[in-house]
Amino acid sequence: MPFFRPRQPTVDAGFNLVLITYDSCRYDVLAAAHTPVLDSYARIVPAQTPANFTYAAHHAFFAGMLPNAPDDLPYYNRFVRQVVRLGLRAEMTRPALLVVESDRNVVAGLRDAGWQTLGTGAMDWFQQRLLVDGFDRFHYTNEGAAAQIAWLLGALDRRRRFFAFLNFGETHTPFAYPGKPEAAQEDWSPRRMTWPPAEHGPAGREHPAWELQRGAAEYLDGQLATLFDGLPGETLVVLCADHGEAMGEDGYEGHGVNHETVLTVPLAIFRLDREPLPG
């Protein structure tokens with residue numbers, strides 16, 4: 001017997017909700033990248049992710065626990081105000097734009113309330129049913145962002161409120177994307193990390209992975225134009241990374257460890273019609 005009976009949330013929230021994650025993308029990389037599309041909507045801020053690898057981070061996101069910025073900003077700092085949260089009276093919850101009653105997660109709660117829930121993920125973790133079974137339809141793919149966006153826009157019923165999720169893999173090693181310069185073909189893998197970590201070469205901006213990830217982030221910015229043009233204006237977008245990537249700092253390479261470079265991610269929140277969020 002369930003310990004409580006979920007109530008249905010208010011379905012007409014006045015906006016659609018889209019969550020975009022750049023897998024493994026460091027804050028400093030996206031901040032330095034040339035991203036005119038994203039910059040035209042909002043500035044990114046550094047935020048602390050709730051987990052250091054893809055599976056755990058997205059479970060937290062789907063429960064309303066987005067990356068948390070240190071600044072005193074509604075929605076960016078969830079201790080001020082959240083974008084969306086479960087209806088649980090948990091000590092970590094605050095007032096939110098959208099409260100979802102569910103004994104599973106936000107995605108399942110919105111689906112049960114009549115929202116269309118669509119998702120597409122590039123990482124292998126999205127083959128795990130427990131992570132994606134709250135969606136009406138989920139498209140796991142090793143295809144690139146352009147194919148993911150085409151699938152989502154083709155599947156979307158714009159007559160209904162929707163929650164849409166896109167996990168892009170271009171910013172994850174091996175940083176593959178169309179038009180990648182021949183000079184940047186070197187593969188880099190976090191599997192090179194040894195334990196205990198040992199500093200053995202360039203780090204941060206000097207590491208070959210840094211520029212590779214920046215190029216991938218700049219490619220994704222061009223894809224955002226197609227995505228945003230296909231969505232209604234009354235759509236609220238949360239764009240972030242699930243975790244960052246250590247690139248030689250203190251001997252670490254990759255993620256899955258609680259290093260500052262792994263836990264600090266970019267975060268931007270905005271409406272496509274450029275209307276301000278409620279204060």
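All values below come from the heavy atoms of this structure, side chains included, with hydrogens, waters and symmetry mates left out. Given the structure is predicted, the values throughout are model-derived calculations rather than measurements.
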With a 4.5 Å cut-off on side-chain heavy-atom distances among I, L, V, M, F, W and Y, is there a chain of contacts connecting [X] to [Y]?
X: V265; Y: L224; result: no
X: Y76; Y: L263; result: no
X: V80; Y: V84; result: no

Judged by atom type as modelled, is there a donor-acceptor pair below 3.5 Å linking the side chain of [X] to the main-chain atoms of [Y]?
X: E249; Y: M247; result: yes
X: E170; Y: G144; result: no
X: Y219; Y: T171; result: no
X: N77; Y: D72; result: no
X: E234; Y: F15; result: no
X: R78; Y: A96; result: no
X: D250; Y: Y252; result: no

Working to the nearest 0.5 angstrom, can you tell me the gap between [X] [atom1] and [Y] [atom2]?
X: L220; Y: I20; atom1: CG; atom2: CD1; result: 9.5 Å
X: L118; Y: R111; atom1: CG; atom2: CZ; result: 11.5 Å
X: L97; Y: Q82; atom1: CG; atom2: CD; result: 10.0 Å
X: R271; Y: Y41; atom1: CZ; atom2: OH; result: 12.5 Å
X: T141; Y: M123; atom1: OG1; atom2: CE; result: 10.0 Å
X: E245; Y: C25; atom1: CD; atom2: SG; result: 10.0 Å

Exercise for the section: Run through T235, L38, V237, I149 and flag the one making a side-chain contact (heavy atoms from CB on, under 4.5 Å) with F228. Expected result: V237
Around atom [atom1] of [X], are there more than 12 heavy atoms from other residues, nucleotides or ligands closer than 6.0 Å?
X: E206; atom1: CD; result: no
X: R274; atom1: CZ; result: yes
X: D157; atom1: CG; result: yes

Got a sec, which residues hit salt bridge (charged side-chain N to carboxylate O under 4.0 Å, His left out) with [X], two or more places apart in sequence or on another chain?
X: D28; value: R26
X: D136; value: none
X: E218; value: none

Got [X] and [Y] here, is their nearest side-chain heavy-atom distance under 4.5 Å?
X: L19; Y: F62; value: yes
X: Q48; Y: P67; value: no
X: F175; Y: P208; value: no
X: R137; Y: T117; value: no
X: H259; Y: P197; value: no
X: V18; Y: L166; value: yes
X: T54; Y: D124; value: no
X: H255; Y: N52; value: no

Please name the pair of heavy atoms, one in [X] and one in [Y], separated by the smallest distance, quoted to 0.1 Å.
X: L212; Y: Y177; value: O-CE2, 4.4 Å
X: Q128; Y: Y55; value: CB-CE1, 3.9 Å
X: A32; Y: R205; value: CB-NH2, 3.6 Å
X: R160; Y: N16; value: O-OD1, 4.0 Å
X: T49; Y: V262; value: CG2-O, 3.9 Å
X: C240; Y: L267; value: CB-CD1, 4.0 Å

Practice task
Evaluate the criterion side-chain contact (heavy atoms from CB on, under 4.5 Å) for residue pair L156 and L231; output intermediate values, then yes/no.
Solution key: CA-CA 9 Å; L156 192 64; L231 297 175; 3.6 Å; yes
Problem - Parallel, tilted or perpendicular: rings of W151 and H139 (30°, 60°) - result: parallel
Completion exercise
Checking F168, Y140, F165 against F126 for ring-ring contact (aromatic ring centres under 6.0 Å, His included), the one that qualifies is F165
Problem - Full working for side-chain contact (heavy atoms from CB on, under 4.5 Å) between H243 and D23 - result: CA-CA 7 Å; H243 56 77; D23 208 280; 3.8 Å; yes
Practice task
Decide yes or no on side-chain contact (heavy atoms from CB on, under 4.5 Å) for L227 and L152, but give the supporting numbers first.
Solution key: CA-CA 9 Å; L227 173 64; L152 178 71; 4.0 Å; yes
Problem - Audit row: T35, I44, side-chain contact (heavy atoms from CB on, under 4.5 Å) steps and yes/no - result: CA-CA 11 Å; T35 55; I44 64 165; over 6 Å; no
